[in-house]
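The next block holds one structure in the form of structure tokens; read it before the comments.
Below, chains carry the letters A, B, ... as their sequence lines are ordered, and counting in each starts from 1.
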Protein chains: 2
Amino acid sequence: MTEKSSPTDPLHARGGSGATIADVAQAAGVSVATVSRALSGNYPVAKATRERIFRSVTDLGYVANAHARALAGATTRTVGIIINDVADPFFAYIARGVERQASAEGRMCLITATHGDKDRELALVDLMREQRTDAVILVGGASDDPRYRKQMADRARALAAAGSTLVLCGRPSLGTGVPTKMVTYDNEGGAFAITDYLISQGHRRILYVGGPRDFSTTASRLAGFYRALDARGIERDPSLVHEGAFGRGFGYSRMREILDQGMDFTAVFGANDLVAAGILEALEERGIRVPQDISVVGYDDVPVASELRPRLTTVRVPLEELGREAVRLALSQSPHDAGASSDNTLTVGTHIVIRDSVSPPKKP
Amino acid sequence: MTEKSSPTDPLHARGGSGATIADVAQAAGVSVATVSRALSGNYPVAKATRERIFRSVTDLGYVANAHARALAGATTRTVGIIINDVADPFFAYIARGVERQASAEGRMCLITATHGDKDRELALVDLMREQRTDAVILVGGASDDPRYRKQMADRARALAAAGSTLVLCGRPSLGTGVPTKMVTYDNEGGAFAITDYLISQGHRRILYVGGPRDFSTTASRLAGFYRALDARGIERDPSLVHEGAFGRGFGYSRMREILDQGMDFTAVFGANDLVAAGILEALEERGIRVPQDISVVGYDDVPVASELRPRLTTVRVPLEELGREAVRLALSQSPHDAGASSDNTLTVGTHIVIRDSVSPPKKP
DNA sequence: TTCTCCATAGTAAACGCTTACTATTTCTAG
DNA sequence: CTAGAAATAGTAAGCGTTTACTATGGAGAA
């Protein structure tokens with residue numbers, strides 16, 4: 001009876017749903033409990049028995065049913081990550097970090113995308129709760145809509161009540177007392193540093209382009225931008241700030257509009273590298289030289305930054321590291337509680353990387 | 001494990017692992033069956049009852065346990081995708097297509113990465129089998145090691161026996177009779193077309209750089225390359241073919257070596273856009289102008305291709321579409337059986353996109 | 001020799017949900 | 001009025017594992 005695995009049909013078996021632990025037990029002539037124990041190895045099983053069991057397992061091509069296992073109490077060994085878009089390098093690199101660290105810690109990784117839809121984000125958190133993931137990592141800036149914050153806070157509590165953890169990655173806290181962990185990067189500091197660099201090169205009229213309005217990432221970068229201006233005593237000029245979106249397309253089209261208006265400026269701060277790429281293209285199209293005529297900087301230091309010509313001066317964000325830390329923190333035993341305590345919130349630094357897209361402004 | 005509430009959390013204790021359907025039933029004063037039915041909506045439930053149930057659901061923050069649900073027979077509504085690397089744009093765009101189509105069809109998406117390790121790939125297929133995903137999509141070129149093929153074929157059969165489907169995306173068949181579905185792109189045709197384009201511009205000595213040896217993608221691209229050469233009666237010169245890897249780094253370093261050797265050629269075919277980017281950098285570093293001195297082409301038409309200067313002439317592969325089709329096919333009812341039949345294998349076309357990196361060779 | 005104590009193995013009770021059967025009502029048609 | 005068909009609910013049998021209890025030999029202790 002240990003012989004015939006299953007009566008496989010002509011070429012490929014029909015709807016049989018694969019071997020169960022009971023099949024293995026029968027094939028090996030032991031009880032299911034023994035099989036379970038041999039497989040998990042957390043209980044003594046005689047060597048001969050174990051070998052017989054493993055043989056049956058291979059013969060039958062048995063793999064445990066993860067759902068039954070999860071249901072019976074073992075943990076799911078899965079972490080969920082929610083990002084905007086799988087193909088956006090900013091998120092892709094964070095996802096890579098998450099995926100790598102998760103697999104290093106023996107976890108699977110459930111990756112989902114919101115396509116920038118807040119409600120979908122909320123729904124995805126619930127989906128992950130359904131999946132009983134060990135943690136859910138929420139990546140990227142967040143809307144500051146209070147209703148949204150409240151709803152997310154509820155989810156954080158529900159997750160915590162179920163023994164899981166909500167990790168905020170690169171976004172602001174949901175408020176004190178809400179059970180989350182956080183890993184962020186110094187968004188404001190990077191913006192300050194690169195703006196200050198521009199100023200140190202002699203720029204005074206700097207355009208800020210991109211990033212959705214009412215969005216935490218935009219707010220921080222803009223805060224750093226303004227702080228640098230203030231520190232050097234340069235007046236803020238609202239007409240120089242052009243919020244909108246994070247894509248390359250936005251950078252391109254908005255820059256064209258700006259150029260059409262004939263505004264007065266000597267440098268442009270792209271809200272991220274993609275926006276900067278679009279800006280560069282618009283400039284190139286008009287025959288404006290970078291950096292001789294206009295200087296341009298970006299943010300994130302995504303690979304494309306060094307492919308652009310001129311190579312883009314930008315702010316480096318350790319994206320992959322951010323992802324890794326998120327799962328480390330999530331899986332660590334530290335109690336979650338976003339607050340002032342440093343155990344459950346971690347900030348990684350940013351720094352500017354100087355390449356070829358900035359020079360002192362042209363003397364008029 | 002009902003008892004497992006951790007004593008760790010002073011602030012928001014209320015432990016317990018979340019509400020179950022029984023809690024909802026009790027709160028609403030009905031049986032669990034009724035709750036289940038109200039939730040799935042596949043059976044009549046009186047309006048008043050239903051409303052009471054939904055109220056309890058919200059009050060308790062209940063979400064179904066996906067594992068219990070899966071175990072009880074409902075499908076898992078999950079598709080798995082196995083790629084090399086989340087941050088590689090080639091894979092990222094395919095993953096985006098998969099993710100979008102899956103979510104359009106109400107599925108979650110389990111994304112995992114092999115980091116180029118064959119054994120890990122095999123293990124990941126098993127992991128997805130454990131998860132009972134509705135389908136597993138295997139993306140990217142494959143090794144042609146026969147042992148590996150046999151092992152993967154076994155897994156395809158096991159998956160089929162469990163009612164799931166293995167979809168091969170951009171890789172060759174596992175052999176006739178192995179139950180898989182396939183979606184591919186015209187790899188060889190694209191390589192032929194772009195090589196022919198180079199030849200039509202007057203190039204005769206064309207370097208081929210990149211792509212792992214003994215890898216299906218490399219084989220197809222090289223096949224197209226050779227076919228174009230043959231068609232125009234140009235002799236194949238083995239010294240012009242430099243296999244190796246797919247990364248940008250490989251393109252850069254190998255190109256430097258080639259330049260050091262002072263080989264004779266007028267154009268370079270990068271095995272993919274990333275390799276081409278590396279090649280471009282090596283060329284730029286030596287002050288060699290593209291396309292005036294040397295022409296360069298790539299493959300895939302990943303976004304970076306149009307950021308490079310000169311903009312890269314390359315072969316467009318509809319990556320996202322490939323991913324979408326993979327899940328469409330996977331979730332369709334067509335019987336899986338890779339063979340000549342067209343029902344279960346789909347090929348999307350490729351075409352060259354001409355930009356600025358090619359011109360006729362310099363007259364000596 | 002008899003009694004304990006391990007090393008092993010088996011039994012059966014969850015885990016949380018779906019769904020085939022049943023059991024009530026309430027209509028509707030005859 | 002009454003039989004039969006909805007419309008609604010409830011009961012309970014799984015689904016495939018894990019794991020707390022039990023059970024059974026022997027080995028070593030007394």
Grab the CD-P distance between A:E130 and C:dT18 for me, whole Å please.
-> 10 Å
A:A68 has a side chain; which of D:dC15, C:dT8, D:dT17 sits nearest to it?
-> D:dT17
B:R69 atom CZ is separated from D:dC15 atom C1', nearest whole Å, by 15 Å
Under 4.0 Å between any heavy atoms, over every strand shown, what does A:A70 touch: base, sugar-phosphate, or nothing? Just pick one.
-> nothing
Using a heavy-atom cut-off of under 4.0 Å over every strand shown, decide if B:S31 touches base, sugar-phosphate, or nothing.
-> base
Closest heavy-atom contact between B:Q131 and A:H67?
-> O-NE2, 2.9 Å
Atom pair CD1 (B:I81) and SG (B:C169), whose distance is rounded to the nearest 0.5 Å | 7.0 Å
Inter-residue atom distance B:T34.OG1 - B:Y43.OH, 0.5 Å rounding | 9.0 Å
Under 3.5 Å, is there an N or O donor on one side and an acceptor on the other linking the side chain of A:Y43 and the base of D:dA20?
-> no
Donor-acceptor pair (no angle test) under 3.5 Å: B:R37 side chain, D:dG10 base | yes
Any idea which of D:dT17, C:dC17, D:dT19 is nearest the A:N65 side chain?
-> D:dT17
Among D:dG16, C:dT18, C:dT8, the one nearest A:A72 by side-chain distance = D:dG16
